[in-house]
Amino acid sequence: MANPGLAALTGPDGHRAERRGRVLRYAGGDVCPFLGWPDDPDERDWADLAALLGPGGQAGFAAVDVAPPPGWEVAFRIRGVQMLGDGVAGAPAPEAVPLGAADVPEMLDLVERTRPGPFLERTVELGGYLGIRRGGALVAMAGERLHLPGWTEISAVCTDPAFRGQGLAGRLVAAVAAGIRARGGRPMLHAAGDNTGAIRLYESMGFRLHRTVYFTGLIVPDAVAAPAREQSREPAEATA
């Protein structure tokens, strides 16, 4: 849990990884913005990250502290909480429907209006996405993002403001958690630290606070000096 992006991209999500040196990302850049970042980054790792993303690219760091070199612009830094649902069994939601590629335009529209966190054009490929519709329109959704050894992150939990207060988010989180449990995994999630309503909901469902974390976005500068590289280098190790 100490470095969820690294644990995912060197573990269950490894088949989606693109690597340069010890830095990994979800291939294509439009699945998930969070990196597999080494626990002990050095100058070469920052140069590899710049080369991997290109000038102006945005690097996302999930629940790890980073101290960027001079010249890197901070796009965002959000205090959050990491919550574990090892005691959450979940429950099916009969009204929930699976969401897939055909639903992406509606999903992106809902995300734009509710801002639950990063959700890109291919994030749906990470699986487990469920939605609730009213009058044919998508009004709530939740799904999976990072897959760690033994754990799966529930993410993109959002409800149209006009339909809040009906318990839709809770039912969807429970349904996604039930799917994770059915595969033998355990659910976990992250929430913004100031989203007290969501945190209370998750606690009422059995999620427990594990630790306070930060989510950081950095912009690659236009020019990064490339240090000399050794011929071989040990790959980053996953942490959980």
Side-chain angles (χ1 to χ4, degrees), residues 1-11 13-14 16-83 111 115-123 126 145-148 151 153 155-156 188-195 209-240:
M1 293 301 164
N3 192 337
L6 180 62
L9 285 167
T10 56
D13 287 345
R16 298 184 178 275
E18 178 183 2
R19 176 191 290 268
R20 184 178 175 92
R22 299 195 301 168
V23 181
L24 300 95
R25 71 164 180 170
Y26 285 85
D30 54 357
V31 174
C32 176
F34 294 121
L35 300 167
W37 187 241
D39 291 322
D40 57 343
D42 60 24
E43 183 182 4
R44 290 170 297 177
D45 297 313
W46 287 103
D48 283 336
L49 176 56
L52 188 62
L53 301 183
Q58 182 164 303
F61 300 85
V64 293
D65 290 329
V66 291
W72 289 70
E73 177 187 347
V74 179
F76 62 84
R77 181 170 168 82
I78 301 170
R79 185 180 66 85
V81 294
Q82 186 179 80
M83 306 185 75
V111 165
R115 302 290 182 176
F119 183 90
L120 307 177
E121 290 186 5
R122 293 176 53 211
T123 302
L126 295 175
R145 187 167 59 190
L146 303 178
H147 299 86
L148 292 70
W151 298 87
E153 180 196 29
S155 185
M188 53 87 68
L189 50 79
H190 296 96
D194 60 0
N195 194 349
L209 177 64
H210 180 56
R211 64 187 179 112
T212 299
V213 298
Y214 282 91
F215 287 81
T216 306
L218 300 176
I219 305 298
V220 180
D222 290 338
V224 177
R229 174 168 297 285
E230 299 172 4
Q231 282 297 107
S232 91
R233 197 167 178 208
E234 291 300 318
E237 295 294 333
T239 59

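Predicted model, so just to flag it, every value in this text is computed and none were measured. Numbers for residues simply follow the sequence, beginning at 1.
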* To do: Any chance you could lay out the side-chain contact (heavy atoms from CB on, under 4.5 Å) test for L35 and L49, step after step, and finish with the verdict?
  => CA-CA 9 Å; L35 300 167; L49 176 56; 3.6 Å; yes
State whether the side chain of [X] and the backbone N or O of [Y] hold a donor-acceptor pair below 3.5 Å, judged by distance alone.
X    : Y    : result
R115 : G117 : no
R211 : A63  : yes
D42  : D45  : yes
D39  : N3   : no

Side-chain contact, heavy-atom cut-off 4.5 Å: [X] with [Y]?
X    : Y    : answer
R145 : P118 : yes
M1   : W151 : yes
L9   : E18  : no
L218 : W72  : yes
L6   : P38  : no
V81  : H190 : no

>> Please enumerate all residues that pass ring pair (Phe, Tyr, Trp, His ring centres under 6.0 Å) together with F119, with sequence neighbours excluded.
In response: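 Per chain and number, F119 pairs via ring pair (Phe, Tyr, Trp, His ring centres under 6.0 Å) with Y129.
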| Does NZ or CZ of R77 come closer than 6.0 Å to the centre of the six-membered ring of Y214, within 45° of the ring's axis? |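 Verdict for Y214: a cation-pi partner in R77.
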Identify the two heavy atoms, one from A67 and one from W46, that lie closest to each other, and give their separation to 0.1 Å.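 In terms of heavy atoms, the two residues are closest at O-CZ2, 3.8 Å.
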Checklist line | D40 and R22 ion-paired at < 4.0 Å | finding: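 Between R22 and D40 there is a salt bridge, with a charged N closer than 4.0 Å to a carboxylate O.
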Q | side-chain contact (heavy atoms from CB on, under 4.5 Å) between V31 and L120, worked out | A | CA-CA 6 Å; V31 174; L120 307 177; over 6 Å; no
Trace of the side-chain contact (heavy atoms from CB on, under 4.5 Å) decision for Y26 with D13: CA-CA 8 Å; Y26 285 85; D13 287 345; 2.6 Å; yes
